[in-house]
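No experiment lies behind these values; they were computed from the predicted model shown.
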Amino acid sequence: YAPAYNGVMALLFRPNEPLIKDLLDRQAQVGFDESSADVLAGVHVRRGDKIVDPQNRYHISLEYAEALVNWAADEGPCRGEAPKSVVVYVASDTASVKRQLTELVEPQKVGVCSFKVIGVEASVTQVTTDSHRNDDARGKPAPTVEKLARMRSDEAKEAGLEIIFDMYMLSH
């Protein structure tokens with residue numbers, strides 16, 4: 001049963017040509033060129049509904065920046081003699097996170113590595129979170145699935161594509 005199910009799932013969720021083109025276009029828009037990045041690191045920073053969820057700890061941008069720099073120093077991608085570029089892809093539901101991480105991480109040098117921070121800015125999901133447009137009736141940030149349900153169909157489609165793009169980039 002499992003092999004047949006897995007095969008059907010793989011077929012259903014296989015990207016089609018228009019989606020692949022969209023992902024590659026978005027990749028170019030954020031400035032990611034696989035041939036110029038020696039190392040790609042990904043960071044997923046949730047703010048939105050996560051800041052009011054008692055089960056989650058809120059991490060400030062400085063904590064993410066320190067973790068990235070420490071990882072580069074401790075895990076070895078920055079050892080050696082040849083200069084390396086560490087490209088950091090930021091996926092976030094808040095527009096300010098990429099700007100904050102750019103200010104905190106790009107000036108850093110670790111061994112032979114320099115950093116470049118990339119990511120989507122002013123996306124539908126970020127604008128929705130930052131404007132509190134789809135918060136719940138009590139004024140608390142709503143989970144993403146609820147935000148999507150409240151969006152117009154064109155916005156919801158774009159938000160879905162943004163989420164798929166984040167997963168695509170973070171999976172590199």
Side-chain angles (χ1 to χ4, degrees), residues 10 13-15 19-132 140-145 147 158-172:
F13 292 103
R14 183 178 60 209
L19 178 57
I20 292 168
K21 181 184 179 321
D22 184 85
L23 295 174
L24 294 174
D25 289 346
R26 288 170 192 267
Q27 184 175 300
Q29 287 171 7
V30 298
F32 180 60
D33 176 7
E34 292 183 64
S35 65
S36 67
D38 297 307
V39 179
L40 176 64
V43 180
H44 181 213
V45 181
R46 293 267 310 266
R47 295 289 161 81
D49 60 314
K50 291 298 179 185
I51 64 172
V52 295
D53 185 341
Q55 301 299 317
N56 293 288
R57 182 173 170 271
Y58 181 88
H59 297 276
I60 61 173
S61 295
L62 180 60
E63 291 176 278
Y64 286 96
E66 289 173 345
L68 280 162
V69 171
N70 291 338
W71 164 80
D74 296 342
E75 297 301 318
C78 297
R79 296 185 186 135
E81 297 178 19
K84 292 183 182 171
S85 170
V86 177
V87 175
V88 179
Y89 179 76
V90 177
S92 182
D93 60 355
T94 304
S96 61
V97 171
K98 180 190 170 275
R99 289 188 300 275
Q100 292 166 352
L101 287 176
T102 298
E103 292 171 8
L104 293 165
V105 175
E106 283 193 357
Q108 304 294 322
K109 301 286 184 236
V110 174
V112 297
C113 288
S114 61
F115 296 87
K116 179 180 180 188
V117 177
I118 63 171
V120 177
E121 291 188 64
S123 68
V124 170
T125 52
Q126 292 170 347
V127 169
T128 300
T129 297
D130 292 344
S131 68
H132 303 281
K140 291 186 176 181
T144 300
V145 69
K147 290 178 191 176
E158 178 59 27
L161 289 169
E162 291 167 1
I163 293 166
I164 291 169
F165 179 67
D166 283 345
M167 292 187 304
Y168 167 76
M169 289 298 294
L170 293 171
S171 71
H172 275 65

Point to revise | Leu104 side chain reached by Ser61 side chain, heavy atoms, under 4.5 Å | key: yes

Point to revise | Closest approach of Glu106 to Val117 (non-hydrogen atoms, all atoms of both residues) | key: OE2-N, 2.8 Å

Quiz: residues 163-172 side-chain donor-acceptor pairs under 3.5 angstrom, not counting sequence neighbours:
residue	atom	partner	partner atom	Å
Asp166	OD1	Tyr89	OH	2.5
Tyr168	OH	Gln27	OE1	2.9
Ser171	OG	Met167	O	3.3
Ser171	OG	Tyr168	O	2.8
His172	ND1	Tyr168	O	2.8

**Study point:** Pairs flagged by ring pair (Phe, Tyr, Trp, His ring centres under 6.0 Å) wherever residues 106-127 is involved - sequence neighbours left out
**Key:** none

Review point. Can you tell me if NZ on Lys116 sees more than 12 non-hydrogen neighbours from other groups inside 6.0 Å?
Key: no

Study note, to complete from the structure: Here the gap from Lys84 atom NZ to Arg79 atom CZ, rounded to the nearest 0.5 Å, amounts to 10.0 Å

Point to revise | Val45 side chain reached by Thr94 side chain, heavy atoms, under 4.5 Å | key: no

Check your understanding: So, does Asp38 use its side chain to make a donor-acceptor pair with the main chain of Ser85 at under 3.5 Å?
Key -> yes

Point to revise | Closest non-hydrogen atom pair between Val110 and Ala72, with its separation | key: CG1-C, 4.0 Å

Review point. How about Val90 and Tyr64: do any of their side-chain heavy atoms sit closer than 4.5 Å?
Key: no

Practice item. Please tell me if the side chains of Val88 and Leu101 come closer than 4.5 Å, counting only heavy atoms from C-beta onward. Key: no

Exercise for review: Identify the two heavy atoms, one from Val97 and one from Ser92, that lie closest to each other, and give their separation to 0.1 Å.
Suggested key: CG2-OG, 3.5 Å

Check your understanding: What's the spacing between Glu66 CD and Ile60 CD1 if we round to 0.5 Å?
Key -> 7.5 Å

Point to revise | salt bridge (charged side-chain N to carboxylate O under 4.0 Å, His left out) partners of Asp74, counting only residues at least two apart | key: none

Revision key, fill the gap. The side chain to side chain donor-acceptor pair (under 3.5 Å) partners of Asn70 (sequence neighbours excluded) come to none

**Study point:** Where Ser114 and Lys109 come nearest, the two heavy atoms and their spacing
**Key:** CB-NZ, 3.5 Å

Point to revise | Residue pair Gly31 / Ile118: nearest heavy atoms and the distance that separates them | key: O-CG2, 4.4 Å

Study note, to complete from the structure: salt bridge (charged side-chain N to carboxylate O under 4.0 Å, His left out) filter on Glu121, not counting sequence neighbours, yields Lys98, Arg99

Practice item. Step through the shown structure and confirm whether more than 12 heavy atoms of other residues, nucleotides or ligands are within 6.0 Å of NZ on Lys21. Key: no

Study note, to complete from the structure: Of all heavy-atom pairs linking Val124 and Ala159, the shortest is CG1-CB, 4.3 Å

Exercise for review: Taking the side chain as every heavy atom from C-beta outward, state whether Leu68 and Gln108 have any atom pair closer than 4.5 Å.
Suggested key: no

Revision key, fill the gap. Sorted by chain and residue number, the ring-ring contact (aromatic ring centres under 6.0 Å, His included) partners of His44 (sequence neighbours excluded) come out as none

